[in-house]
Amino acid sequence: MSIFEYNGSALIAMVGKNCFAIASDRRLGVQLQTIATDFQRIYKIHDKVFLGLSGLGTDAQTLYQRLVFRHKLYQLREERDMKPETFASLVSALLYEKRFGPYFCQPVIAGLGDEDKPFICTMDSIGAKELAKDFVVAGTASESLYGACEAMFRPDMEPEELFEIVSQALLSSVDRDCLSGWGGHVYVVTPTEVRERILKGRMD
Amino acid sequence: MGDSQYSFSLTTFSPSGKLVQIEHALTAVGSGQTSLGIKAANGVVIATEKKLPSILVDETSVQKIQSLTPNIGVVYSGMGPDFRVLVRKSRKQAEQYHRLYKESIPVTQLVRETAAVMQEFTQSGGVRPFGVSLLVAGYDDNGPQLYQVDPSGSYFSWKASAMGKNVSNAKTFLEKRYTEDMELDDAVHTAILTLKEG
């Protein structure tokens, strides 16, 4: 079994009209045993940058702590928040530092950049960045997620509709994956507000 | 950077609370060629006179004003070789920032890091302070900016400033001539006039 499949995870980020949504499942397992059903995979770096980390739970938590550290110092030094593009470059650099002993994580970064333009990207565990205009997915359910997103995505969705689409894509994909699920956690971010919602799906 | 036999600093406090080495470094700066900078509404000007010791010197080989990034430049008063070392270090720092964030370094950050290097050399073992003051001119998201960095490592933001020989005359002249809404061309003109005063 791959180390990336040890804990199980599902992550999705999608671009809408002047907004974005980032969502994850809530299961934390140790192979086939479910340990927690409220595990947090998505973190707010600041109001306009969100980070999702799939893969090995311990690496996700440690990587998040390192990134928050770097971002807080950046905020103090430069007296401004990091743009999502800049944050993505930082994550990529940090991951590559561990090229020959990597963090077993696949990050998903979503944010509102200059003029509140939505930005999403993902990268592999050693920092190869992949920008996308529509959606990015990560985790053990990624193959199902790709299919669901491709089928359901439409450009320029309003926040409410985006929430529906992201939720449906997430829940239907994790149902096909035994290692992720136990509900969903969805953030829909617009320039003015952040709406956080918990989804109830098949609790298995 | 000071080996094990020189693990003590050569820059030490005098009883009056001064770091004499830094005072001497400032004297070295004060006897160097005049350099000045003026912040205009839409840009920054830095200038110095390229006075060559003899007509036989190849003037293209002398570079008194250098760029640190495509949008940040620097001029100095004091010791040329020390200036070159600082330019090299600052360029490297700017590139490291870019490598990490894929963004060009803001002027304040580069000035801060350069000043930190200069301060290091007032405390590290076996080294002397830099014998230059720098005028860093840059344009970034916060608009045009002008900073002076001293051998001690302190830095100041200026609207217009001068360093080196004849600094008091130059500053008086700048005080009279400077206006907040100067255009870049006016600033260039004023800079040349100020240099001529010396």
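Chain identifiers are assigned alphabetically (A, B, ...) following the order of the sequence lines, protein sequences preceding nucleic acid strands; residue numbering begins at 1 within each chain. It should be emphasised that the depicted structure is a prediction, and the values quoted were computed from it without experimental measurement.
- Distance CZ/Arg80(A) to CG/Asn142(B): 8.0 Å, rounded to 0.5 Å.
- For an aromatic pair to be called close, the ring centres must be under 6.0 Å apart, and Tyr74(A) with Tyr101(B) satisfies this.
- The neighbour count for Lys17(A) NZ, taken as heavy atoms of other residues, nucleotides or ligands under 6.0 Å away, does not exceed 12.
- Atom OG1 of residue Thr108(B) and atom CZ of residue Arg77(A) lie 11.5 Å apart, to the nearest 0.5 angstrom.
- Heavy-atom contacts from other residues, nucleotides or ligands closer than 6.0 Å to CZ of Phe69(A) number 12 or fewer.
- Around atom OH of Tyr96(A), no more than 12 heavy atoms belonging to other residues, nucleotides or ligands sit under 6.0 Å away.
- Residue Gln75(A) places its CD atom among more than 12 non-hydrogen atoms of other residues, nucleotides or ligands, all under 6.0 Å distant.
- Here OG1 of Thr86(A) is found 10.0 Å from CG of Leu100(B). Values are rounded to the nearest 0.5 Å.
- Summarising the local packing, CZ of Arg197(A) is surrounded by more than 12 heavy atoms from other residues, nucleotides or ligands at distances under 6.0 Å.
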#### Entry: Test log, rule salt bridge (Lys or Arg N to Asp or Glu O under 4.0 Å), inputs Glu97(A) and Arg99(B)
CA-CA 12 Å; Glu97(A) 263 174 42; Arg99(B) 212 176 138 213; over 6 Å; no

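- Here Glu78(A) contributes atom CD and Arg112(B) contributes atom CZ; the two are 8.0 Å apart, rounded to the nearest 0.5 Å.
- Atom CD of Glu143(A) has 12 or fewer heavy atoms from other residues, nucleotides or ligands within 6.0 Å.
- In this structure, NZ on Lys102(B) lies 13.5 Å from CD on Glu85(A), to the nearest 0.5 angstrom.
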